[in-house]
Amino acid sequence: MPFTIATWNINSVRLRLPIVQRLLAEEAPDVLCLQETKCPNELFPLEAFHAAGFPHVAIHGQKGYHGVATISRHPFEREERRDFCQMGDARHLALTLRVGERRIRVHNLYVPAGGDEPDPLVNPKFDHKLRFLAEMRRMRAQEEAGVSSILVGDLNVAPLEHDVWSHKQLLKIVSHTPVETEEMLAIIRDGGWRDLLRRHIPEPAKLYTWWSYRAKDWDAADKGRRLDHIWSSPDLEPHLSDVRILRAARGWTQPSDHVPVLATLDV
DNA sequence: ATGGTGGCACCGCCA
């Protein structure tokens, strides 16, 4: 049966509830992982997701900043919230889905953006980002026997040359500096992950999931970056049937600066 | 060319 997982940095789940509902109605994913919910747990709009056909919801929020949530049609178990870098930030949520006979561990991550200056000695936010990525090196695709893995989220790194509009012009821009891109490729390699977007649409095709709010005309300028990712354990890769980046959502009413990314597996 | 926009909470911080 087909199984679709979606990931979306929503930049306030309460403000953008109408477009989240639109995504759920139009794309009907099985699971939606949200980042930057910017919503304390007690104010999370649970009922709206229940009404949309998603009875199983896990949240990890905080006031004002960050926050992740995983919304599912299928039941899950073993919720986990890791405190990367021991900063107290709400940036990780894991759970194990039961999909038919299969068990899938789903990690939902929001990696720190890292500020503007790509020097950990003068910019504590960039230092935090590098330490966060170093901690991600310990995440293994094959963690438990008999359990597949999917890792999604706003990872705030565009690792490949064709994940940005201009490789040369972004080499000193946070999200595409060599220290970040090399670290991300090492996380993928050492963790045994498969980059499902690139398995489906290899380079040199350009792939973007984020366009700045600051551009006059984001669509015409098209200065995007691929910051949002879907990775899986190797056993799932042969079951991948489709990948979609919903570029049109960048033009929806009161949009997020990120668009939804979806992967469909035949499981 | 070193701004530009957006959200939240509070008058600045983060992206």
Problem - Set of salt bridge (charged side-chain N to carboxylate O under 4.0 Å, His left out) partners for A:Asp266, sequence neighbours left out - result: none

Handout entry: Touch class at under 4.0 angstrom, heavy-atom based, for A:Arg250 against every strand present
Key = nothing

Exercise for the section: Indicate whether any N or O donor in one side chain lies under 3.5 Å from an N or O acceptor in the other, for A:Ser149 and A:Arg105. Expected result: no

Handout entry: All pairs passing ring pair (Phe, Tyr, Trp, His ring centres under 6.0 Å) where residues 76-108 of chain A contributes a residue, at least two apart
Key = A:Phe84-A:His92, A:Phe84-A:Phe132, A:His92-A:His107

Exercise for the section: List in chain and number order the residues that pass salt bridge (charged side-chain N to carboxylate O under 4.0 Å, His left out) with A:Glu77, two or more places apart in sequence or in another chain; answer none if no residue qualifies. Expected result: A:Arg98, A:Arg103

Handout entry: Pairwise C1' distance, B:dG4 and B:dA15 [rounded to whole Å]
Key = 13 Å

Problem - Geometric cation-pi criterion A:Arg226 and A:Tyr208, 6.0 Å radius, 45° cone - result: no

Handout entry: Counterpart residues, salt bridge (charged side-chain N to carboxylate O under 4.0 Å, His left out), relative to A:Asp257 (two or more places apart)
Key = none

Handout entry: Selection: residues 213-226 of chain A, any non-hydrogen atom under 4.0 Å of DNA chain B
Key = A:Tyr213, A:Arg214

Practice task
Shoot me the first and last contacting nucleotide of DNA chain B against chain A, ordered 5' to 3', at under 4.0 angstrom to non-hydrogen atoms.
Solution key: B:dG4 to B:dA15

Fill in the blank from the handout: Any stem touching DNA chain B, meaning at least three consecutive Watson-Crick or G-U pairs under 3.5 Å, ordered by first number, would be B:5-8 with B:12-15

Exercise for the section: For B:dC13 versus B:dA9, give the span between their P atoms, rounded off to a whole number of Å. Expected result: 16 Å

Exercise for the section: Name the residue closer to the 5' end of DNA chain B, choosing between A:Asp257 and A:Gly64 according to the nucleotide with the nearest heavy atom. Expected result: A:Gly64

Exercise for the section: Identify, with sequence neighbours excluded, every residue that meets ring-ring contact (aromatic ring centres under 6.0 Å, His included) alongside A:Phe126. Expected result: none

Practice task
For B:dG6 versus B:dC10, give the span between their P atoms, rounded off to a whole number of Å.
Solution key: 22 Å

Problem - Whole-Å P distance, B:dG7 and B:dG3 - result: 22 Å

Fill in the blank from the handout: Those residues at least two apart in sequence (or on a different chain) that pass side-chain contact (heavy atoms from CB on, under 4.5 Å) with A:Ala145 are none

Completion exercise
Residues at least two apart in sequence or cross-chain that pass side-chain contact (heavy atoms from CB on, under 4.5 Å) with A:Glu203, listed by chain then number, are A:Leu160, A:Glu161, A:His162, A:Arg198

Fill in the blank from the handout: Cluster membership besides A:Leu227, Ile/Leu/Val/Met/Phe/Trp/Tyr side chains within less than 4.5 angstrom, sorted by chain and number, is A:Trp210

Fill in the blank from the handout: Sorted by chain and number, sequence neighbours left out, side-chain contact (heavy atoms from CB on, under 4.5 Å) with A:Arg140 holds for A:Asp190

Completion exercise
Sorted by position of nearest nucleotide on DNA chain B, 5' first, the leading residue of A:Asn9 and A:Gln254 is A:Gln254

